[in-house]
Novice: 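Please find one structure pasted underneath; my questions will follow.
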Amino acid sequence: MNSTSTPRDVLAIDVRGLVRTFGDRRAVDGLDLALARGASLGLLGPNGAGKTTTIRILSTLARATSGSVRVLGLDPERDALELRARIGVVPQELALYDELSARENLEFFARAHRVDARRVKERVDWALELAQLAERARDRVTTFSGGMKRRLNLVVALLHEPELVFLDEPTVGIDPQSRNHVFEMVERLVHDGTTLVYTTHQLGEVERLCERIVVLDRGRKIAEGTLAELQHLPGLARSHALRVTSEADAHAAQAFLAQRGVETRLVEELPGLESVFLELTGHALRDDDA
Amino acid sequence: MLHLAWTFALKDLRLYARDRSALALSLLLPLFLAAIFGAAMGGFGGKDTIGKVRLLVEDLDQTPRSRELVKLLGESANLSVDEKQDARKAIANGKAPAAIVVPAGYGADLEAGRGLRLKLYRDPGQAVEQQIVAGSLMPVLFEAGGAKLSREVVKRGLAELGLALDAIPGFDGTFDQTWKLMEELARQEKEKEAAYPALTAPAETKSESVDFLARLPRFLGLDVEDVAGGENQDDKLAGQAHAVSGIGVMMLLFGLVAAGGTILEERTQGTLTRLLLVPAPGSAVLLGKFLFTFVSGMLQLVLLFVFGSFVFDVPVWRDPLAVLVVSTALCAAATGLGLFLAVTCGSRKQLEGLSTLIILVMSAMGGSWFPLVITPEWYRKLGHFTLNAWAMDAYQGIFWYGKGLEGIWVEVLVLAAIAATMAALAVRGWNKRFATNA
C-alpha cells in the first residue's frame, strides 16, 4: 500500500515531517510514514537509527519536536489517553512483575487498561491460552524461562484488544521454538486485522511477518516498500537460481545450459542451522525445563 | 597470584570510586554524624561542654531581693533563664524542664531570716536537666540567702540524709568547710563507700549521684512539684516513649523512601513504561505510589506503637485520635519526602545512598536518637528544620505531657505543610522526568 495514495482517514499511522531532537542531535529527522489500518510494517535500521524514538512518539511516550503525527486518527499529544486505550506496546524489555504469577500479572494489566471487570477473567484466560501458559498460570513469573516470559510479555499488550500494536524486538534472547510461537501469535494478530508495527534487527522476522518495510538510518527514512519492491531497488546486485531436487538433475541442467552458452555455477543448498536445530529438537515449546 | 589479586582489588577500587553514593556513605557520613553528635553533646570548638538548660522564672514578689535572685540565676553558667507567667503550665506542656516561682513575700521572709519559700516545678522526664538545674541552684541560693541560710540548708540536707550532726567534724565551722564536706559526701557516695550507708544507691539503675542531685532541691528547702508525665511520672516512661517514637520515625523514613524507590525499580524492569501507557494520566501512577507508600507507613507505625504499648507501657491508648492524626500527618510528610527523593534520584543505588545520608542526618538533628532538650538551643532550632523534630514533639506531647489534639495542632500543621510541600515537589519532579503527554 502506497502512503501517498491512501486517504488519511483510513491510515492507522500518518506521520509527516517528524523531527525529534535531543540537544543538538536529531534522533528523528524529517520522517514521513504512512500505514493503512490492518497492515503490518517492519521498521528496520541499525542502532541509533531512530526506531525506538519514533515508536515512543507514536505511542504517546514522548513528544515530537516538530511535524505532524496522527495515530488511528488521533494526535498522540492531545489525545493521549484515548489513544492509549486503542494501542498496545510490547516493549523490548520483559516488563513484568517477577514476584506475581502469570495470571496476577495479566489481571493487573487488564484492570490497569480498564478492561471491563466482567471481562477480565475471559481476557486473561484468552491471553494465557494464546501464550500457551495456562498450565503455569499460577506460577510466579520469576520461575519462567526466557521464552515463557517473552510470550507473556507479548500477550499483556493484547489484553485490551488494541487496534494497533507496536512490537519492539519481541523475540530477543529466546529459543527457536518460542520464537516460532511468537511468530504464530503475531501472524494471528495480523490475520485478525490488527495493525502492526514491528522493529527488529532480525531481517528474517520482518520478511516473514510484515507486508511493508521501512528502513531508517540516522533518523531518516532511506527506503520503503514491500519486500519485493525493496528487492528491486535500482543498483542492487541480483542473481537467478534454478532449483532442482536431485544432484543428477542439477548436472543435466548445467550441461544443457552450457550447450547454449549459459555459464552456471552449481551450489548445493544445505539446511540452515535453525532448521537443523528444529529438526533435531522438534517444534514443540519447551517450558517444562523452566 | 598476588598480582592477580591486586588487579581484582584495583578494579573494585575503581568501581567504588565511581559509585558516588557508596563514597558518600562510607567516607562522608561518619564525618557528618561525628560532627552532629559532637555539636549536640558539646558544641563546636571544645569550649561549650554542654548546652544551657532553660529555667523559667516567675517572680511574684518583685522586690530588690527577688530581682537579685533572678539576676543571680541568670548569671549561672549552665542556666538559660526566661521570665514567664504561669510557669507551671509551661512545664506541664514541655516548654522547659524546670521553673522557679518566687512567691510574694520572698524578700520579706529573707529579711526576717525565715528562709526560702520557693516553688520548683519540674518535668521528671528530663532527668539530666534536673541534675543541671539542681547543681546550678545550690550556689545561687546560697549566695542569695547568705551564710546563715546556707548553714540551715546544709543542716536540713544532712538531716534528710540521716546524718547526725556529731558525725560531721567542725560543722559550726565556716561555710567553705561545710561546702567541702558536701562535695566529699557526693564523691564518696558516687564511689558507694560503706562509710555513709544512708547515701548508698538503692537497687535501681540510677546512679546515686543522680539521686543526690534529684533530691538536692528539697535539701535546699524548695517546694518541689513534678508537673509533667501525666498520671505516670516514672521518668523511664519518657525515655521509652522517646525511644519508641524516635526509632519509629527514623525507620518509617527508611521504609517509605524504599517504598518510593519502587518507582525507580519499575523503571529499571520496564514496568513503569507499561504503567505510563495505560489510559490514565501519569499522575495516577504517582498517586498509586503515594497510597502504597502511605499505607505501608501507617502499618509500620501501628505495629510499632502496639509493640511500644505492650512492651514499654507507652500510653498509646491515652488519646488514640491524637496519635492517629499525628501518625497520618507524619506518614504523609515522610511519603512525600520518599517520593520526592525517588523521582529526583537517577537510580535505586543513588537513592539508597542519598536517602541514608539524609535520613541519618535528619534523625540525629531532629531528635530521633536523643532528646533535643539535651542539646544547645541553636541545635534545637536547626533540628526543627526536620520533620523528625516536629513528629517527636507531637508524640512526646501526647505520650509524656498528656496533650490532646488541641496541644499539638501546631506540630500537626507543620507536618501537613511538609507533606504538601514534598508532594508538590514530587509531582514536579515526576512531571519533569516521567510524564509524557498526559
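Chain identifiers are assigned alphabetically (A, B, ...) following the order of the sequence lines, protein sequences preceding nucleic acid strands; residue numbering begins at 1 within each chain.
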Novice: Extract all donor-acceptor atom pairs below 3.5 Å that involve side chains of residues 45-52 of chain A and protein atoms in other chains or at least two apart in sequence.
Specialist:
unit_1 : atom_1 : unit_2 : atom_2 : d
A:N47  : OD1    : A:H201 : NE2    : 3.1
A:K51  : NZ     : A:G45  : O      : 2.8
A:K51  : NZ     : A:P46  : O      : 3.4

Novice: State, without any angle test, whether A:Y97 and B:E266 hold a side-chain donor-acceptor pair at a distance under 3.5 Å.
Specialist: yes

Novice: Report the distance from atom CG of B:L275 to atom CZ of A:F108, rounding to the nearest 0.5 Å.
Specialist: 5.0 Å

Novice: Tell me the closest heavy-atom pair linking A:E93 and B:Q269, and the distance in Å.
Specialist: CG-O, 4.1 Å

Novice: In Å and rounded to the nearest 0.5 Å, what is the CG to CG distance from A:L61 to B:L277?
Specialist: 4.0 Å

Novice: Taking side chain as everything from C-beta outward and backbone as N, CA, C, O, which of these in A:N153 sits under 4.5 Å from a heavy atom of chain B? Side chain, backbone, both or neither.
Specialist: both

Novice: Which heavy-atom pair separates B:R274 from A:P91 by the least distance, and what is that distance?
Specialist: NH2-CD, 3.5 Å

Novice: Would the number of heavy atoms belonging to other residues, nucleotides or ligands and lying under 6.0 Å from CD of A:E129 be above 12?
Specialist: no

Novice: Quick check: are there more than 12 heavy atoms from other residues, nucleotides or ligands sitting under 6.0 Å from CZ of A:F22?
Specialist: yes

Novice: With only heavy atoms counted, which part of A:L96 is less than 4.5 Å from chain B, the side chain, the backbone, both or neither?
Specialist: both

Novice: Which heavy atom in B:A280 sits nearest to a heavy atom in A:R114, and how many Å separate them?
Specialist: CB-NH2, 3.7 Å

Novice: What distance separates B:T273 OG1 from A:Q92 CD, expressed to the nearest 0.5 Å?
Specialist: 11.5 Å

Novice: Quick check: do A:H113 and B:P279 have side-chain heavy atoms less than 4.5 Å from each other?
Specialist: yes

